[in-house]
Amino acid sequence: MNESKIKIEEEEKTLKPSSIQLFQSTIAKIAVAQICQSIGFTGSQTSALDSFSNIATRYLETLAKSASLNANSCGRTECNLFDVIKGIEDMNSVKGFVGATNMKKSLLKSGVLKEIRSFVRIVDEIPFAKPIPRRNLKKSLVLSRVHDQVQRFSHIPTWLPCLPDVSTYKKIQKEERIGFNEEEKDKGVVVVDCNVEKSVNVVEKKESSFLPVKRPKVKFKFGLNSDLGVNVELGTRNGVCRGGKRVSCHDLSEEEDIKSFKRRR
Amino acid sequence: MNHQQSNEGRQDDESALSDFLGSLMDYTPTIPDELVEHYVAKSGFQCPDVRLIRLVAVATQKFIAEVATDALQHCKARQTAVVKDKRDKQQKDKRLTLTMEDLSKALHEYGVNMRHQEYFADNPSSGVDPASREE
């Protein structure tokens, strides 16, 4: 029994990468065949198409490798346009291209790039025959990165994983949010006088977009603070805790605190 | 004066390049983005920009197209040579087929030395006399 299980597992292991490779090579083959057809071929030997698609993928890999090497030698992890252009120039240097002799020329003026530009202009667009499903995991990863980059601080390098959600480490944000909410509420009240329907809409929208789960709790805290007096607020602005940190109110007597609390209730 | 001119030229280059890269956003290369991303990631290329991946795809497509064009020329040249030899069988082999022979000749110019086995059977009918093959 065990042996057969192990055998099956081994088979799965050997099957999996080969099926992935088969998938890749098949897609590459279809793409190459499409290009060949567009050029004027009506048919192809299977061996020729196999080796041609193999060479195409190797070309792609080599180009990417030289681009990433360029980036790495400059101390970067992400490739930029110049790395890619340099990589393409390297790949084309076997056959030669216009302006290859001028070493001081800017990469933006590269003859290779001009050739590619004219290629894109002249050659008809032939999209791939079928849409290809992406791996879900990869897609979500890419999306989160792109989304994160908008909010990123400039001093954090992009290769670091994204920061946790703001609500997990920032407290002030919540209070600000609620203040904003209250302002909106006021606006809503004003609107009631003018148009009832509109005001309803506003309230509904607000409820759907904001209205956090912990809202009543925070509101209660707020009331307590305001009852304690203005001194506390002033303290936060002038004193040590100017940086917007939380302020504890220990300098007031606890009895007063409790009294005010009871009064509130 | 010269400096100014070069500056202007550079700006023109940059704007032309950015236009081109922008046009790549609408252009769909024959090699699908997914495939390019996969192979590119395999060799350590990291870039969130779609335009650069498209640029790589277009460069590869250009390479394939060039090689294929060369192979097509070889194929046509061979066919005309054959026709000259045997005028009787003019309509016999008009189809343009990508063969290993033409491909290896075309790739040779691009620095790729490709050879296949002398007797490489593509399909069961490859060893059979072409005259007896029915299409």
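All values below come from the heavy atoms of this structure, side chains included, with hydrogens, waters and symmetry mates left out. Small disclaimer: the values here were computed from a predicted structure and weren't measured.
For Leu63(A), the part sitting under 4.5 Å from any heavy atom of chain B is the side chain, from C-beta outward, and nothing else. Both the backbone and the side chain of Phe52(A) come within contact range of chain B, judged by heavy atoms closer than 4.5 Å. Within the 4.5 angstrom heavy-atom criterion, only side-chain atoms of Val94(A), from C-beta onward, approach chain B. Both the backbone and the side chain of Phe41(A) come within less than 4.5 Å of a heavy atom of chain B. For Ile88(A), the part lying near chain B is the side chain, with the backbone staying farther off; criterion is any non-hydrogen pair under 4.5 Å. With a 4.5 angstrom heavy-atom cutoff, Asp26(B) touches chain A only via backbone atoms. Using a 4.5 Å cut-off between heavy atoms, Asn54(A) does not touch chain B at all. Neither the backbone nor the side chain of Asn72(A) comes within contact range of chain B; no heavy atom of the residue lies under 4.5 Å from a heavy atom of that chain. Neither the backbone nor the side chain of Glu101(B) comes within contact range of chain A; no heavy atoms are under 4.5 Å apart. Neither the backbone nor the side chain of Ala129(A) comes within contact range of chain B; no heavy atom of the residue lies under 4.5 Å from a heavy atom of that chain.
Here the closest non-hydrogen pair linking Pro127(A) and Thr28(B) is CB-OG1, 3.9 Å. Contact between Gly40(A) and Leu96(B) at its shortest, heavy atoms only, is O-CD1, 3.4 Å. Closest of all the heavy-atom pairs between Pro32(B) and Ile27(A) is CG-CG2, 3.8 Å. Residues Met100(B) and Gln45(A) approach most closely at N-OE1, 3.1 Å, considering heavy atoms. For the pair Ile39(A) and Ala68(B), the tightest heavy-atom approach, listed with the atom from each and the gap, is CD1-CB, 3.6 Å. Of all heavy-atom pairs spanning Leu17(B) and Leu81(A), the tightest one is CD2-CD2, 3.3 Å.
Of the listed residues (Val36(B), Asp13(B), Leu21(B)), the one with the most heavy-atom contacts under 4.5 Å to chain A is Asp13(B). Ranked by heavy-atom pairs under 4.5 Å with chain A, the list Asp33(B), Ile31(B), Val58(B), Asp102(B) is led by Val58(B). Chain A forms more heavy-atom pairs under 4.5 Å with one residue of Val112(B), Val40(B), Val67(B), Leu103(B) than with any other, namely Leu103(B). For the options Gln24(A), Lys65(A), Lys95(A), Gln34(A), heavy-atom pairs under 4.5 Å to chain B are most numerous at Gln24(A). Options Cys47(B), Gly44(B), Ala65(B), Gly111(B) differ in how many heavy-atom pairs under 4.5 Å they form with chain A, and the most are formed by Ala65(B). For the set Gln61(B), Glu66(B), Met114(B), Arg51(B), the count of heavy-atom pairs under 4.5 angstrom toward chain A peaks at Gln61(B).
The distance from atom CG of Asn92(A) to atom OH of Tyr110(B), rounded to the nearest 0.5 Å, is 9.0 Å. To the nearest 0.5 Å, atoms OG1 (Thr57(A)) and CG (Leu35(B)) are separated by 8.0 Å. For the atom pair CG (Asp49(B)) and SG (Cys79(A)), the distance works out to 11.5 Å, reported to the nearest 0.5 Å.
Remark: side-chain polar atoms of Thr30(B) are not paired, donor with acceptor, to backbone N or O of Ala31(A) under 3.5 angstrom.
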Would you please test Asp83(A) and Phe45(B) for side chain to side chain contact (heavy atoms under 4.5 Å, CB included) and show each step? CA-CA 10 Å; Asp83(A) 300 325; Phe45(B) 181 100; over 6 Å; no
Going through the checks in order, is the side chain to side chain donor-acceptor pair (under 3.5 Å) test met by Ser68(A) and Gln46(B)? CA-CA 7 Å; Ser68(A) 66; Gln46(B) 273 186 45; over 6 Å; no
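When side chains are defined from C-beta on, Val120(A) does not count as touching Lys62(B), because their heavy atoms never get closer than 4.5 Å. By the 4.5 Å heavy-atom criterion applied to side chains, Ile55(A) and Phe63(B) are counted as neighbours. Contact annotation: the side chain of Pro48(B) approaches that of Glu78(A) to within less than 4.5 Å [non-hydrogen atoms, C-beta and beyond]. Put simply, the side chain of Ile116(A) reaches to within 4.5 Å of the side chain of Phe20(B), judged on heavy atoms.
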